[in-house]
Peer 1: 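Before anything else, here's the structure in question.
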Amino acid sequence: MTDLPLVTADLPGSGGTVRATPEDFRVDEVPAYLPGGAGPHLYLRVEKRGRTTRDVVRALASALGVPERDAGFAGMKDKDAVTTQWLSFPVARDPEPAALAGPGLRVLEASRHVNKLRTGHVRANVFSIAVRGGDAARARAAAAALALRGLPNFFGPQRFGTEGRNAEVGRGLLVGPETPEVRRAARDRFLRRLSLSAYQALLFNRWLAERMADGLFAAALRGDVMKKLDTGGLFDCEDPAVDGARVAAFEISPAGPMFGHKLRGAGHEALAREERLLAAAGIRLADFARGGGEAEGTRRAARLRAAVVVEDEADGYRARFELPKGSYATVVLRELVKGDAAVPEDEG
């Protein structure tokens, strides 16, 4: 992420180290809905420490006697952290929650619901992150600036894999070259989806970085697809002066492209910018058709409201904030800390 701009670049960073221990990095999932209390699917709210979501799902599915593929979860949560989230399993009998506990795993709640929990069934994530040795006063100044200027909704580095390989494979699936990694991803549905999404994310980050470089981060352009930040609804910008005021008030945001063959098109100036970006990348919108259902395209808010609370601790500070699903804590931490070396990857 070192090549991505900061919205608080004019302010010094706090410095410090993030995640000296898993307890320094806490993530609590805010579900899109709560289980209704009845239905064929067992819902478990779990707390895990030092384990991946997939590891926990695999262990609980085995304990409950159901195939791992039938389990449901809304999103992945970081391994080197303390995290909570809901999981679902199609089991007929209610187990004793304490009997499902294991190393780094506790079941906090159990309920039932009518449907399987699926990817994306989450509203937000609440973060509580300690920065050891960090300057709290500097962090507060950066947090205050973020509240006024907004948070660039970049994808974090974990989206792209080691040395950005996921994005390279995603591009290869669309236009080549057909390397062994590309052939492997073409055969594996999970890797295919992951790689294509990474390439879409890479292009989105470039689009947003260019908007910021051109002084258009908090502006509306004629033809922009705009996103309502409260409901997620989309509409086209016809009057930049009117919509620009709404952007400034955090009512709406320009919605950048996650390019795909069914992407809702921009117009006028906004379309010209997107076409230039694709041309520079050496790819056409039609090329995404090779990605099928995994590369249809969508729109992502470029600018978010950021309310970061900075609390003093004996050896640094703790930052508390909430982000909508799909947004990354590492992006906030870069603005506060300054310097990617101190900010480990998370799963947002």
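Bear in mind the structure is a predicted one, so any value in this text is a computation, not a measurement.
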Peer 1: Taking the side chain as everything from C-beta on, heavy atoms only, tell me whether L151 gets closer than 4.5 Å to L323.
Peer 2: yes
Peer 1: Taking all non-hydrogen atoms of both residues, which atom of F250 and which atom of R305 are closest, and how far apart?
Peer 2: CB-NH2, 3.2 Å
Peer 1: Answer yes when R273 and D214 have at least one side-chain N-carboxylate O distance shorter than 4.0 Å, and no when they do not.
Peer 2: yes
Peer 1: Taking S197 for the side chain and R193 for the main chain, is one N or O donor matched with an acceptor at less than 3.5 Å?
Peer 2: no
Peer 1: Do Y328 and R159 pair up side chain to side chain, a donor and an acceptor below 3.5 Å, judged on atom types alone?
Peer 2: yes
Peer 1: Quick check: closest heavy atoms across D188 and F190, and the distance to 0.1 Å?
Peer 2: OD1-N, 2.9 Å
Peer 1: Measure the CZ-CD distance between R189 and E294 for me, rounded to the nearest 0.5 Å.
Peer 2: 6.0 Å
Peer 1: Evaluate the side-chain hydrogen bond (donor to acceptor under 3.5 Å, both in side chains) criterion for residues K338 and T8: first the C-alpha distance (whole Å), next the side-chain angles of each, then the deciding distance (0.1 Å), finally the verdict.
Peer 2: CA-CA 9 Å; K338 305 290 194 302; T8 62; 3.0 Å; yes
Peer 1: Kindly assign one of parallel, tilted or perpendicular to the pair F25 and F127, based on the angle between their ring planes and the thresholds 30° and 60°.
Peer 2: perpendicular
Peer 1: Does R132 reach the side chain of E313, with side-chain heavy atoms less than 4.5 Å apart?
Peer 2: yes
Peer 1: State, with a plain yes or no, whether a side-chain heavy atom of D94 is found less than 4.5 Å away from one of R112.
Peer 2: yes
Peer 1: Less than 4.0 angstrom from a charged side-chain N to a carboxylate O is my criterion; do D80 and R51 meet it?
Peer 2: no
Peer 1: Using 0.5 Å steps for rounding, measure from the CZ atom of R54 to the CD atom of E68.
Peer 2: 7.0 Å
Peer 1: Just how far is it from atom NZ of K116 to atom CG of L42, taken to the nearest 0.5 Å?
Peer 2: 14.0 Å
Peer 1: Using modelled atom types and a 3.5 Å cut-off, is there a donor and acceptor pairing between side-chain atoms of R138 and backbone atoms of G13?
Peer 2: yes
Peer 1: Between L6 and L304, is there shared hydrophobic-cluster membership here, with clusters defined by ILVMFWY side-chain heavy atoms closer than 4.5 Å?
Peer 2: no
Peer 1: Do L105 and L44 land in one hydrophobic cluster if side-chain heavy atoms of ILVMFWY residues count as linked below 4.5 Å?
Peer 2: yes
Peer 1: Regarding R320 and S128, do their side chains bring together a donor and an acceptor under 3.5 Å, going by distance alone?
Peer 2: yes
Peer 1: Linking Ile, Leu, Val, Met, Phe, Trp and Tyr by side-chain heavy atoms under 4.5 Å, what else ends up with W86?
Peer 2: Y33, L34, Y43, L117
Peer 1: Let me check something: do L278 and L196 share a hydrophobic cluster, defined by ILVMFWY side-chain heavy atoms less than 4.5 Å apart, either directly or through other members?
Peer 2: yes
Peer 1: Are T84 and K77 close enough that a side-chain donor and a side-chain acceptor fall under 3.5 Å?
Peer 2: no
Peer 1: Quick check on the 6.0 Å ring-centre criterion: do F204 and F155 meet it?
Peer 2: yes
Peer 1: Return a table of donor-acceptor pairs under 3.5 angstrom between the side chains of residues 295-302 and protein atoms on other chains or two or more places apart.
Peer 2:
{"from": "R299", "atom 1": "NE", "to": "R264", "atom 2": "O", "distance (Å)": "3.0"}
{"from": "R299", "atom 1": "NH1", "to": "A255", "atom 2": "O", "distance (Å)": "3.1"}
{"from": "R299", "atom 1": "NH1", "to": "E274", "atom 2": "OE2", "distance (Å)": "2.7"}
{"from": "R299", "atom 1": "NH2", "to": "R264", "atom 2": "O", "distance (Å)": "2.8"}
{"from": "R299", "atom 1": "NH2", "to": "E274", "atom 2": "OE1", "distance (Å)": "3.2"}
{"from": "R299", "atom 1": "NH2", "to": "E274", "atom 2": "OE2", "distance (Å)": "3.4"}
{"from": "R300", "atom 1": "NE", "to": "N153", "atom 2": "O", "distance (Å)": "3.1"}
{"from": "R300", "atom 1": "NH1", "to": "G326", "atom 2": "O", "distance (Å)": "3.1"}
{"from": "R300", "atom 1": "NH2", "to": "N153", "atom 2": "O", "distance (Å)": "3.2"}
{"from": "R300", "atom 1": "NH2", "to": "N153", "atom 2": "OD1", "distance (Å)": "3.1"}
{"from": "R300", "atom 1": "NH2", "to": "G326", "atom 2": "O", "distance (Å)": "3.0"}

Peer 1: Can you tell me how far CG of L285 sits from CG of L263, rounded to the nearest 0.5 angstrom?
Peer 2: 6.0 Å
Peer 1: Please evaluate residues R49 and E23 with respect to the criterion salt bridge (Lys or Arg N to Asp or Glu O under 4.0 Å), reporting the C-alpha separation (whole Å), side-chain torsions for both, the decisive distance (0.1 Å), and the verdict.
Peer 2: CA-CA 8 Å; R49 178 189 187 279; E23 284 73 19; 2.4 Å; yes
Peer 1: Decide, yes or no, whether a salt bridge links R222 with D239 under the criterion of side-chain N to carboxylate O below 4.0 Å.
Peer 2: no
Peer 1: For side-chain hydrogen bond (donor to acceptor under 3.5 Å, both in side chains), just list the numbers for R26 and T83, CA-CA rounded to whole Å, side-chain angles, deciding distance to a tenth of an Å, and then say yes or no.
Peer 2: CA-CA 6 Å; R26 183 176 182 93; T83 71; over 6 Å; no
Peer 1: As a quick check of understanding, evaluate salt bridge (Lys or Arg N to Asp or Glu O under 4.0 Å) for R318 and E311, giving each step before the final call.
Peer 2: CA-CA 5 Å; R318 183 171 292 271; E311 301 172 348; 5.6 Å; no
Peer 1: Distance check, rounded to the nearest 0.5 Å: R183 atom CZ versus L173 atom CG?
Peer 2: 11.5 Å
Peer 1: Give the intermediate values and the outcome of salt bridge (Lys or Arg N to Asp or Glu O under 4.0 Å) for residues R45 and D28.
Peer 2: CA-CA 10 Å; R45 189 167 76 91; D28 294 295; 5.2 Å; no
Peer 1: Using only atom types and a distance under 3.5 Å, with no angle test, would you say the side chain of D287 pairs donor to acceptor with the backbone of I283?
Peer 2: no
Peer 1: With heavy-atom distances below 4.5 Å as the criterion, would you say the side chains of L60 and V46 are in contact?
Peer 2: yes
Peer 1: Could you measure the distance from the CG atom of D24 to the CD1 atom of I129? Nearest 0.5 Å is fine.
Peer 2: 10.0 Å
